[in-house]
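Here the structure is laid out as structure tokens; the discussion comes afterwards.
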Amino acid sequence: MPDKPILLPNSLFSRLESVLRALASVLIVFLLALVATLPARALEAIPVPLEAEAIDLTDVVDRYPDFGPGLQVSTAPGADGIVRRIEVNSRNDENTSWAVFALSNPSDEQIDRLIVSPFFRMAESQFIWPDLGASRIASITPSQGIAPERQASREADVFLITLDPGAVVTYVAELRTPELSQIRLWQPDIYKETINAYTLYRGIVLGISGLLALFLTILFVVKGTVMFPATATLAWSVLAYLCIDFGFFTRVLRLVPGEDQLYRASAEVALTASLIVFLYAYLNLNRWHIRYSHLALSTLIMVLGLLGVAVWDPSVAAGISRISLGVIGLFGFIVIAVLALQGYERAIMLVPTWVLLLCWMVGAGMAVNGSLTNDIVQPALAGGLVLIVLLIGFTVMQHAFAGGAIAQGLISDVERRALALTGAGDIIWDWDVDRDRISTGHEVEDLLGVKRGLLEGPARDWLDVLHPQDRDRFRATLDAVVDQRRGRVSQSFRLRSDDGHFRWFHLRARPIIGSDGEVIRCVGTLLDITDQKVAEERLLHDAVHDNLTGLPNRELYMDRVDGAISRARAEGAGRPSIIIIDLDRFRQVNDSIGLSAGDSILLTVARRIGRQLKPQDSVARLGGDAFAILLLSEQAADRIATFADNVRKALRSPVSFGDREVFLTVSVGVAIYEQGQAKPEDLVSDAEIAMNHAKRLGGDRVEIFRPTLRTASVGVSELETDLKKALETDGITVSYQPIIRLEDRSIAGFEILARWNHPTRGAISPSEFIPVAEQSGLINDLGLFVLERGARQLAEWQRRFRMPAPLFVSVNISSRQLLRQDLINDVKAVLSRAQLMPGTLKLELTESVVMSNPEYSAKVLERLRELGAGLALDDFGTGYSSLSYLQRFRFDTIKVDQSFVRPNGRSARPVILRSIVALGHDLGMQVIAEGAESESDALELFQLGCEYAQGFLFGQPMLPEEATQLLQAEAALENA
């Protein structure tokens, strides 16, 4: 039969329900207990008394290292006893370390406190992977009340908090590092006083350390022995360590907190390395055994290798350096003790200092390990380190000023003279007159390379080795001393060496008179002056010869011309002719292929001219690219003209330089001596006038001087004189051509241009007076004048008109200005007087100007950029420089030459223009296009991405008053 269901009574169901409810209650209690063990638990609030100056919260803070991107925490019970929960999320999604603490204000007053967590503390920083400092707290979130406000500080994370009366606030701090070396609660005024006190103390310690390092460096310069640079190195290493530890280095370099770990580790490595160098140098370990040198050198290399480790991981390098410092201190003490027991004076004097150094290392080790955590430990260790270096300095100075009998002056006059003679390094020369025997030792014979004893004998034997021109004078001098029985010998002569060459010697001697009034000896010194004589001969040669080509210079050439004229006047025959040769457009050759190639070309020209000459002729280099020939081999006028033309044709042959050929032409001027011309300067001047006339006619030609040419040359001289007068009397004016921002057609700046309105000739084109200024050297005064006017006007505009972007002014700089040493000082003075916005005074330079001396130009441009001047590359695309220099020179603006802007019928023009604009933008430069004369030009430039343009479309060069009115109109339009 089928099974029947079993029916339970209702009471059983009631009991089962009660059991299940009990189990649920137990489970809830267990879960609550489990939740209580999680990080979100209630805190105990720390009361903040009104009178408490500082409260250390380091040990009462709950820390959650690498907990996660968020934290839920239970707050401390408030005044009502209620525990709340807050949730704080990190600023990033990575695992974040947290710190939680609670503060209460038991008073009935509102209080302000500073939460301070220092970036670096030596205490508890550890030996292995030490903590080298970093910003500790990213932010602090309160459970209620005003949010903490971060205060500016380069030494610690400082937050200002406010506690209301009776309030209990829980703070959740988001940490940047898992470590939190210290966190304290300060009264603001007390913390400020403490910081000021430490700052004063640090300043005193740094001052003493700096003076000590400087004094030891000066001592090294004075004495020069190896122990003094080693001591100075130790002092500078200590100074560098203190600058980093005190935060001075961080302020100078404006480092972000935490970025000084590499420098801190490097300073500790340098301190260890300098201690090795000092110990080795001071104890002079290389005198004891070579193994000491090997050991010291290998240890030093390993320690210095930690600098590379510091780049990879500063903590590892600092840890190894700290351990190495302790090992070196202990090992050094053992070495000092062993040497002191052997009676080595230096080691004995270093024992007290090294004992103090070991005590300092023990104290530093206790601080690093956490045994000493007092706030005064770190400053005390810094001061102690300076005192140890000071004691080392006193120990070293004792050696510097110590000495034996010589230093104390306990020597006789004869000994002093003997020491002075030995120190002078002269050779003793002694002639025994009675025996007629000269003694010099073996030094002279060794210098001459002759056999020993050759110069030890009668005075007549010296005549065989003396130069023939010096024999009679030498014999006469000795005879005169013996005959007159007084006087001094001071004579230079030459002695023949074994290889046939002569060496110069200088003899200084005096006779010694015997009791009978006769000369018995002649004693003195003999000094080898060969190098001095060679240098004098070289100086004499260089004084009258060109350093590059070796040809006679202008002075020697003029002397030869004078001699030729004198002979022609005296003999009435052999009249001289002067031929001046100047290379055409040689400056452009230098600008395009460089100065070294230009020097090679000048050498080639000198050789080619020399091949055209006969023995009686001579050639000289007058300077730059000008050469001069003194022609004596030809007398007929037609033959002289033919010779000059042959020289011109010989120089027209191309000069090969590398894989390129350079074609040269020359302008030749000829002046023939006529009876009545007394001065060589007049004859050379006539030839130069003829040469300049040939150059004005286009060059590559020969011109014979004729009196009518002198009138034409006067015009250039007068123009130069008038230009100089115009600069002195403000006869030069400046004009401003607008540079327009293509985006909104507003004025971005101006290019300043020099103008000269001559009182009699009227307006003179810059193309006419600028070359005159460059040739005469007035370009420097003219450039400075334009620079000062532009800077002063720009400063006035910047004060009067507030534009969205600051106005700028561009000033052209010539090659003579760039290569001039005073350009940096001139720009610095102008900027300091004008007080312009950085980068608004732009200096425009062409590619040819920069490439005239790339290495020097790079240094000058970098200095100008540091001063706050802007740099613009003018006429870009027209030179021959490499594009790699464009990155090196770091221009901020490129000015596209007008030849690429104006329509010229070439299909490639837009492509080239687009490429130049793109290149400038890729290099981070702004682009200004010159020569915009129509709306189509402006539209095309804007479409290509060009920012600025200038040209007659936007305005011609105008006076400062007109430019000011233009700016006023634009400012009024913007305000409307």
Side-chain angles (χ1 to χ4, degrees), residues 122 201-253 260 263-285 296 299-300 303-304 306-307 318 321-322 324-326 328-329 331-333 335-336 346-347 349-361 363-364 378-402:
M122 179 179 288
Y201 171 81
R202 291 171 178 175
I204 295 173
V205 172
L206 278 180
I208 296 174
S209 180
L211 290 175
L212 179 60
L214 184 61
F215 176 76
L216 291 175
T217 304
I218 296 174
L219 191 63
F220 153 55
V221 174
V222 172
K223 301 300 293 184
T225 57
V226 67
M227 76 170 71
F228 300 112
T231 310
T233 302
L234 178 61
W236 284 110
S237 300
V238 170
L239 178 61
Y241 174 81
L242 295 179
C243 287
I244 295 173
D245 189 59
F246 290 168
F248 179 78
F249 190 72
T250 306
R251 289 183 174 88
V252 172
L253 295 184
D260 60 343
Y263 303 101
R264 189 179 297 276
S266 301
E268 294 187 9
V269 172
L271 185 61
T272 305
S274 62
L275 190 62
I276 298 174
V277 173
F278 167 75
L279 187 65
Y280 174 81
Y282 178 81
L283 295 179
N284 198 13
L285 295 181
T299 305
L300 180 62
V303 171
L304 292 178
L306 294 177
L307 295 175
S321 176
R322 291 181 178 183
S324 302
L325 183 63
I328 292 168
F331 178 79
F333 181 77
V335 174
I336 293 171
R346 290 190 181 183
M349 296 178 62
L350 194 59
V351 169
T353 304
W354 209 262
V355 170
L356 290 178
L357 179 61
L358 288 179
C359 294
W360 182 88
M361 289 183 179
Q378 187 168 341
L381 290 175
L385 187 59
V386 174
L387 292 179
I388 291 173
V389 176
L390 184 62
L391 184 58
I392 291 175
F394 285 145
T395 305
V396 172
M397 281 188 292
Q398 185 171 357
H399 286 280
F401 300 107

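Sequential numbering from 1 along the given sequence is applied to the chain's residues. What's counted below: heavy atoms across the whole structure, side chains too, no hydrogens, waters or symmetry copies.
- Between Ala382 and Val205 the shortest heavy-atom distance is O-CG1, 4.3 Å.
- Tyr201 places a side-chain N or O within 3.5 Å of a backbone atom of Pro379 that can act as its donor or acceptor partner.
- Atoms CD1 and CD1, on Ile208 and Ile204 in that order, are 7.0 Å from each other to the nearest 0.5 Å.
- Leu325 contributes atom CG, which lies 4.5 Å from atom OG1 of Thr272 (distance to the nearest 0.5 angstrom).
- Pairs of residues two or more places apart, or lying in two chains, that qualify as salt bridge (Lys or Arg N to Asp or Glu O under 4.0 Å) and include a residue from residues 263-280 are Asp245-Arg264, Asp260-Arg264, Glu268-Arg322.
- Inter-residue side-chain proximity for Ile336 and Val351 is flagged as met; some heavy-atom pair is nearer than 4.5 Å.
- With rounding to the nearest 0.5 angstrom, the CD1 atom of Ile276 is 11.5 Å from the CG atom of Leu234.
- For the pair Trp354 (side chain) and Gly329 (backbone), a donor-acceptor distance under 3.5 Å is present.
- A pairwise comparison of heavy atoms in Gly332 and Leu279 identifies CA-CD2, 3.6 Å as the closest pair.
- Within 6.0 Å of the CZ atom in Phe333, the count of heavy atoms belonging to other residues, nucleotides or ligands does not exceed 12.
- The OG atom of Ser209 sits 10.5 Å away from the CG atom of Leu387 when rounded to the nearest 0.5 Å.
- Residue Leu212 is tested with Thr231, Leu390, Thr217, Val238 for a side-chain contact (heavy atoms from CB on, under 4.5 Å); the sole match is Leu390.
- Between Leu385 atom CG and Met361 atom CE the span is 9.0 Å, to the nearest 0.5 Å.
- Separating the CG atom in Leu271 from the OG atom in Ser266 is a distance of 12.5 Å, to the nearest 0.5 Å.
- Between Ala235 and Leu216, the shortest heavy-atom contact is CB-CD1, 3.7 Å.
- With sequence neighbours left out, the side chain to side chain contact (heavy atoms under 4.5 Å, CB included) criterion links Thr353 to Leu350, Ile388, Leu391, Ile392, Thr395.
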